[in-house]
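We use all heavy atoms of the structure for the numbers below, so side chains are in, but hydrogens, waters and symmetry mates are not.
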Amino acid sequence: MFGEEIAEWLRLGNWAQQVVTLRAAALLLERTGRHAASLTLLLSLDAATPDTAWGSDASDAGAASKAARRSLSRSEGAAIETRAQQLDRAGLVAYALAELHGLHNETSMEGHL
């Protein structure tokens with residue numbers, strides 16, 4: 001679902017739209033139980049583009065980040081923080097695409113189990 005949009009924004013070099021799409025993808029990952037992936041994306045976005053979320057976008061991202069942290073151990077959270085700080089924009093996009101691909105594969109298999 002988001003993979004095509006993320007690839008298109010990357011191709012066009014439109015980082016402003018990319019941030020919005022990646023934040024929405026992080027929220028989807030949180031709602032589907034992929035807490036580590038969601039937190040990694042949210043923290044990486046915060047590091048790469050501070051102060052770009054406002055209103056309900058910021059509120060939703062904050063709530064997802066808190067929920068993800070509650071579901072992870074302290075050491076897992078610390079490792080995610082370290083990794084998130086190391087991802088540049090290209091790494092962030094690649095990580096998001098890989099996680100969304102994994103989510104797609106999981107949900108595609110559910111009907112076959």
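- Partners of Gln17 under the side chain to side chain donor-acceptor pair (under 3.5 Å) rule, at least two apart in sequence or in another chain, do not exist in this structure.
- Within the model, atoms CG of Leu27 and OG of Ser65 stand 10.5 Å from one another, a figure rounded to the nearest 0.5 Å.
- Rounding to the nearest 0.5 Å gives a distance of 10.0 Å between CG of Leu87 and CG of Leu43.
- Interatomic distance, Asn14 CG to Glu5 CD, rounded to the nearest 0.5 Å: 12.5 Å.
- Between Ala61 and Leu42, the shortest heavy-atom distance links the atoms O-CD1, 3.7 Å.
- Atom CG of Leu100 sits about 8.5 Å away from atom CZ of Arg34, to the nearest 0.5 Å.
- Here the CZ atom belonging to Arg89 is positioned 12.5 Å from the OG atom belonging to Ser44, to the nearest 0.5 angstrom.
- Between atom OG of residue Ser71 and atom CD of residue Glu30 there is a gap of 6.0 Å, rounded to the nearest 0.5 Å.
- Criterion: ILVMFWY side-chain heavy atoms under 4.5 Å apart, direct or through other members. Under it, Leu45 and Val20 are not part of a common hydrophobic cluster.
- A side-chain donor from one of Glu76 and Ser73 sits under 3.5 Å from a side-chain acceptor of the other.
- The shortest non-hydrogen separation linking Ala36 to Tyr95 is O-OH, 4.1 Å.
- The cluster map of Ile, Leu, Val, Met, Phe, Trp and Tyr, joined by side-chain heavy atoms under 4.5 Å apart, puts Leu103 and Leu22 in the same cluster.
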- With side-chain contact (heavy atoms from CB on, under 4.5 Å) as the test, would you mind laying out the steps for Leu10 and Trp15 before giving the verdict? CA-CA 7 Å; Leu10 181 62; Trp15 187 247; over 6 Å; no

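- Take Glu81 and apply the side chain to side chain donor-acceptor pair (under 3.5 Å) test, not counting sequence neighbours, and it matches Arg69.
- Results of the side chain to side chain contact (heavy atoms under 4.5 Å, CB included) test with Glu99 over Thr40, Leu29, Leu41 single out Leu29 as the only residue that passes.
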